[in-house]
Structure formats: structure tokens, C-alpha cells
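The structure under discussion appears below in the form of C-alpha cells.
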Amino acid sequence: MESSLSFLEGSRSGARYDADVLQRVDPVDGAPLLARYDLDRAARTLTPRSLAERHGPGMWRWRELLPVRDARHRVYLGEGSTPLLPAARLGPALGLDHLLLKAEGQQPTGSFKARGMAAAVSRARELGARSLIAPSAGNAGGALAAYGAAAGLPVTVVMPADVPESNLVEAQMCGAAVVLVEGFITDCGRVARAIAERTGAFDVSTMKEPYRVEGKKTMGLELVERLGWTMPDVIVYPTGGGTGLVGMWKAFDELEALGLAGAGRPRMVSVQAQGCAPIVRAFATGAETAEPWADPSTRASGLRVPSAIGDRLILSALRESEGTAVAVPEQEIDAVQRLAGRGGVGYVSPETAAALAAVASLADEGWLAANERVVVFDTGIGHKYPPPALPRPVTVRPEDADDPDLLELVRRGRPTRTAAPSRPSVSHEAEPVEPVEPVEPERPVEPERPVEPEKPVEPAEPDEPSSPPTSREGGRARIAELMAQRIVTRDPDESDDESDDGADDESDDGASPDEPVEDTPHEAPVDDEPSSARAVAPAPVHIARRDVGGPRVPGEAQVLRSPAPSPRVPGTAGSAPAPEIRPTEGSQPTGAAPPPAAPPAPKPVEPVSPVPVAPERPAAPPSVPDPSVPDDSTSDGSMATPSAIPPVGATRPDAAGAPATGRPVEVEDPPAETTTDEPSLALPRPPYREIVVHPLPAPPRDA
């Protein structure tokens, strides 16, 4: 028995639509569409006994209630079947005797987003989608990139510029084209929608297509099965777009109709951060919809969603279940994230920490009883986020193992002791004073002085900062230290321009002065396919928020000069000064080549396309890729990097998702001093160059 999918239904209008063509939102009112199933047919094969006999694969055990009709189109990376873990130590600390955590951090991409993307990507491929695009605050983008790569579909991810570094790296490593926007997730949604309209890529934004909800609802199906076909008393769910909360409520409806669960429902709790709490505000005021939140700010990037298209469905589930909504202060998120680790539930995400903080608050108020069975959804692992402020650990020397005062050193650290004469200059107590004292900014440094060789040591000393850096710049520095510079990364736009002898020189106008392309005319042209030796992830494109859709002179193109972003604490996107906007005829960046006599006419898609294709190669006709055959491969089988943004010269929307072809990348030999025994990858950073941005129409409220 496969899917019993019957039709799609407008969540507000009740209108019915064909489920076997690509659909997005209800054309009547723009509300989400929900998948409806022939439950009488599903009940013939979906029973507790049949489920117990299905030992895999993961969430696809529930195939009768999932939308993919042909099993050959399922994209499976191990998603689903996550454990339900008792918080034996943390629960009593928060005032509960039966606290359970659904450990969604054990998904293949480290978060619950894997469920929704597995269903959405699988169904999109089955229905003939050629390429995919979505805005993401982080985890959804990484999941889309991973599942799109597994399905053989080109992917573009649009992310806020202050997205956690690990999420950006994940999307790039999985081959997605990344566009960074100086703004919030709603701004990313507007950019993604505009790119999709120009390229024909299928937009899998949260609840703007019907099937991410279907993947997320399997959390509720698994929960009820794990609890012996009973419901918990309370479900606490960190809410951004709210897809999981809506999906679980839908799952409970279907289980009741199938006779697999009773009518008793858990009280649903929506948790948000105080810096971005549109659902909490709407619930408190009795509103049916949530007004967009101005200037959202929180370290929990998954909760930084100013406006949710599924707000009606979220609020309806909260009220029907007699649940509630809680906003958690930022300082409590940090404190509870540390408490959760010490309480034995692991390094959880900030979103999970917010949910646990809400549990403590509700237990203190008496809204939660100590003997109630409460399930908190642990939506992801903490390793994918910048950490909260942590104290520096103490430092001791190997020889301190024989010191009778070793325990005192371990408690207080080495700075309490006098430096030994044999200690190298990296010690924390006396050595830094010597190089710092004679260095004065006004004096020229003499070659014979020992100050110069000591300088590189000073920034590495860990005794000054009290906590690891939390800005995006700090994340870049940490990743850069882990990656040896073994390959030469070049701007695809520049390489393509060289190979075309200036046929498309728009990107030349704004080329970054420090890119290594200018002085290497002897190198072979570079295309978007990697060489057999090593694949190079595409560099993100950077767009400023004020260029997403602000007031403009009609028809006037603008040129954005995007400088290197200043360090910024996640959650404060948009607080930095806006990038400088200049007309198309403006001057070039310092150090750049002089502009041509007549600038070329701006093209709406080319500036945001990180994967250009030589014009002389026509785009391949659209076709649904076979998952068993590697698509976009080089002669030796190495995979090329796909992109949902069409190549230069593409004129038809259906050509936007066609695989790009080209020549292999020529990789230079690394310098002898940088060669190591283990190969590694170096990801290119955003090429902060001038790009042409056209004004976009003002979005609807649910953007």
C-alpha cells in the first residue's frame, strides 16, 4: 500500500485542488493548502501491527499518510524515528516528574527541518520540479540543500546575512547557491519569490507549498505510537513558522479518524523569544491573525520569524487545545541552554532552550502540574549556533602534574603562579608583558628587536576574552583556522567573462580588487563544474535589505556596493548602517579597474547568479533526473555544483533548472609551505562586489 493522498484543500476557503500537479498556496485567498487523504483506504493497511512490522525507513513507515505515490521518488537520508528521551535529571530541576524530549537533533541534518524537506523535495521531484528555492533562517536551508542534492535538483537558498556560519557552510557544502540578504527572513522570502518568478524554480517556503507540513506531522505520529497510542498531556513547541505545530495537530486529527488514538488532545504551547513574539502577542490579544513583528531580535535564529503565513492555523490549534503561548527573555535562553547541558540532555539549540525555559515558567505559575506528562521538542543540536557566553577554562602545564598544589592550580588556573624560566613565550602570566612594553605605535620597529617575531603570538593568547566570539566574523575566523588553503577559488562570473572575451562584462565592472583573476590571463577558463580532484562550493551573493524593495524611481536600476559586513551579534540584522547606494554610472571601488565607456544594460537575473554557463553551450532540455544515475557529473563521475538560478543567457523559465555543463576547474598547486598531509576544502566568502538590483513590488502581508 502506498500513499492514500486524495486532494488538496484550502485551509480557509475549503476549496479543493488537484494534488498531482505542483501547487503552492490557495489562489482564492493566499492561505496554505493542506493535503487530504482517503482515510478509509489507509485504514486497511495502516494498523499498529503493520507499523510494528515495518522496521524502516524512518518516517516513510507512515507511507499511507504521506504524499509521495511512487516509492522511487522518495529521497531518504535517514530522517524520522527519533527517540523520545526522559529528562530524568532536568525534569525535576524544572519542576516536572515526567518531562520527555523528542530528540530531533538526531536527524541527518541536525534538526527537525529534515522531515519537512524530505517530503517536500520528494514530492516536488515526483511532480516534475526542475529546480528548488527557499528562504531560510539557517537549518531549513541546509536541509533543502542536502535533500536537493540527493534528489539531483539544483537548489538556491536565500539567507539573512547574519545566519549562523555552520548553516551557511552546510548549504554551500551540499552544492546550493546561497544568496545573503541584509535583513530578516521575511526579506529573504521576498527575494526568493522574485528569483523564482524570473527562473521558474519551485519555491518550497514554509507553508507556501503543501508538503513540508506532511513531513513535519510525522513527529506527532511517532509521538503517539511511542506513547502506546496515547496522547501526552502537554506539547511544548518552539515556534517560528509553526509548520511542526500545525502538522502535529493535523496528525492527531488523522489518527483519531483512523481509530488509532482517542479524542483527548494534548494542550499545545507555542514558545517564542521576547525579541520576536508575533504569535504570543496575537494569542494574548485574542486576534485571529498575527501582525508582523517590527525589528525582530534573538539569538535563536529559528524563532526570528516576524510574520508566519500559517498564523491562523497556529492560533487555532492553541485555542482548540486550551493551550497557551509564552515569550521567553533572551537571558533565560542562554541560561537554560547551559542548564540543559548540565542536566543531562546534551548541547541543545537556543530554540530548544527557549522551550525548556517556558516549561520552567509554566511550572512555577502552576499552569503545568508536576505529575503531567510533558513533551518538549528538541528541534536541533546546539553545535550549529554561536554559543552563549562561557567562562574560559583554566590552563596548566604538563609539569604541573607533579606539583603538590595541582588541585589549587586546576581550581584557579596558571595566572596565580610565577612563570618558570623554561616556559615558552606563550605563557599567560609574565611573558606577554615583555613584548607589549617596548612596542609603541609611533616608533618604527627595528629589525633586530625581538618584538616582531613575538607579535603573532599575542592574538592567540586566550586570557583576555571571557567568552568565545558570537558574531559572524568570529565564526568565519574559526572555520578558516580549520581549513588549509589547498585550492584556488575564483569568481565564476569573472572566469566566464574571460572565456567569453568580454561578451558579458557586467560583472567586470564590480569585480572585487583582491580577486586572483585579474593578473592570471594564462589560466584556463573556469566553469561551474568542479574538477575531478576537488569540488569548490559556490560563493554566496550578498544583497542589502534596503535594496529588496524600497521606494525607487520607476524603472531605475540601482547599483549596490556591498562592503565587508561589520561584526554583528546574531539577531540584530539590519542594525548596521545601510550599504551605500549609487546610480549605475557611479565610480568604481577603490583599487578596481576603470569602468568601460558604456556600461552594459542591466539584466535582472545575471547579478544574482553565482553559477554562470558559457553562452555557446545551450541549456539542456528539462527532465526529471533519475536518482540512480548521477546527473551533472564530470567525465570521471565527480558531481558538479547545481544552482536553481538560471545560467547567463537562459530565457525560458523551464530552462532555469537545467543542469549546467562546462569545463573542469583548473586547480593550482598549493605553495610548499601550506601543504599538509590531509586535504581540506576552503569555502569562498561572499564576493562583496557591485551588483545590479532592480526594484521589486511590495509584498503581500504574508511575505
Side-chain angles (χ1 to χ4, degrees), residues 5-37 67 113 116-117 119-137 140-141 144 156-158 184-217 239-247 249-250 278-279 282 288-292 305-317 548-549 644 653 696-703:
L5 179 65
S6 181
F7 59 90
L8 299 177
E9 182 180 57
S11 59
R12 192 186 314 172
S13 69
R16 295 191 177 190
Y17 301 95
D18 186 357
D20 289 317
V21 296
L22 287 171
Q23 303 275 14
R24 296 200 66 239
V25 296
D26 191 340
V28 174
D29 51 21
L33 293 177
L34 299 176
R36 300 302 185 192
Y37 298 84
K113 300 293 185 180
M117 286 304 178
V121 171
S122 297
R123 184 60 172 160
R125 183 173 74 169
E126 184 175 41
L127 295 179
R130 301 293 189 265
S131 58
L132 305 172
I133 189 171
S136 169
L144 175 59
T156 299
V157 180
V158 186
F184 308 118
I185 184 65
T186 45
D187 301 308
C188 295
R190 295 164 67 184
V191 172
R193 184 174 66 251
I195 294 174
E197 290 172 354
R198 291 161 170 80
T199 64
F202 184 65
D203 190 347
V204 291
S205 301
T206 300
M207 300 194 74
K208 292 189 178 179
E209 58 80 48
Y211 301 116
R212 283 178 66 177
V213 172
E214 298 305 294
K216 287 286 192 69
K217 83 178 181 186
T239 307
T243 310
L245 192 149
V246 172
W249 196 248
K250 183 175 185 290
I279 298 297
E288 292 185 1
T289 60
E291 292 298 320
V305 180
S307 177
I309 185 176
D311 52 357
R312 285 178 180 269
L313 297 172
I314 298 169
L315 292 167
S316 175
V548 173
L696 304 180
R701 190 194 66 78
D702 59 1

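Computed from a predicted model, the values in this text were never measured in an experiment. Excluded from the calculations below are hydrogen atoms, water molecules and symmetry mates; all remaining heavy atoms, backbone and side chain alike, are included.
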Sequence neighbours excluded, which residues qualify as side-chain hydrogen bond (donor to acceptor under 3.5 Å, both in side chains) partners of T239?
S270
How would you list, by chain and number, every residue that makes a side-chain hydrogen bond (donor to acceptor under 3.5 Å, both in side chains) with K216, sequence neighbours excluded?
none
Candidate pair V121 and V204, rule side-chain contact (heavy atoms from CB on, under 4.5 Å), full reasoning:
CA-CA 8 Å; V121 171; V204 291; 5.9 Å; no
Hey, what do you get for CZ (R12) to CG (L313), rounding to the nearest 0.5 Å?
8.5 Å
Please report the shortest heavy-atom distance between L315 and A282, naming the atom on each side.
CD1-CB, 3.8 Å
Under 3.5 Å, side chain of R190 to main-chain N/O of T186, donor-acceptor pair present?
no
Can you name the residues that form a side chain to side chain contact (heavy atoms under 4.5 Å, CB included) with A119, not counting sequence neighbours?
M59
side-chain hydrogen bond (donor to acceptor under 3.5 Å, both in side chains) partners of S6, counting only residues at least two apart
none
By salt bridge (charged side-chain N to carboxylate O under 4.0 Å, His left out), which residues pair with D203, not counting sequence neighbours?
R24
L5 and A35: which non-hydrogen atoms are nearest, and at how many Å?
CD1-CB, 3.7 Å
Find the distance between CD1 (I279) and CG (D311) and round it off to the nearest 0.5 Å.
5.5 Å
Taken to the nearest 0.5 Å, the spacing of E197 CD from I133 CD1 works out to 10.5 Å
How long is the span from the CD1 atom in I314 to the CE atom in M207, to the nearest 0.5 Å?
7.0 Å
Locate the shortest heavy-atom distance separating G240 from A308; write the atom from each residue and the value.
O-CB, 4.0 Å
Heavy atoms only: give me the nearest A192-A134 pair and the separation to one decimal.
CB-C, 4.4 Å
Where F7 and Y17 come nearest, the two heavy atoms and their spacing:
CB-O, 3.6 Å
Residues in side-chain hydrogen bond (donor to acceptor under 3.5 Å, both in side chains) contact with Q23, at least two apart in sequence or another chain:
none
Are any side-chain N or O atoms of S316 and backbone N or O atoms of R312, one a donor and one an acceptor, separated by less than 3.5 Å?
no
So, taking the atom named NZ in K113 and the one named CZ in R212, what distance separates them when rounded to the nearest 0.5 Å?
5.5 Å
For R123, the salt bridge (charged side-chain N to carboxylate O under 4.0 Å, His left out) test, sequence neighbours excluded, returns D20, E126
Donor-acceptor pair, S11 side chain versus P32 backbone, under 3.5 Å?
yes
Quick one: pull up CZ in F202 and NZ in K208 and give me the separation to the nearest 0.5 Å.
12.5 Å
Apply side-chain contact (heavy atoms from CB on, under 4.5 Å) to residues W249 and V246 and explain how you reach the verdict.
CA-CA 5 Å; W249 196 248; V246 172; 5.9 Å; no
Determine, stepwise, if the pair V191 / D187 fulfils side-chain contact (heavy atoms from CB on, under 4.5 Å).
CA-CA 6 Å; V191 172; D187 301 308; 5.8 Å; no
Using the rule side chain to side chain contact (heavy atoms under 4.5 Å, CB included), only one of L8, L34, L33 pairs with D26; which is it?
L33
Minimum heavy-atom separation for T206 and I309, please, with both atom names.
O-CG2, 3.5 Å
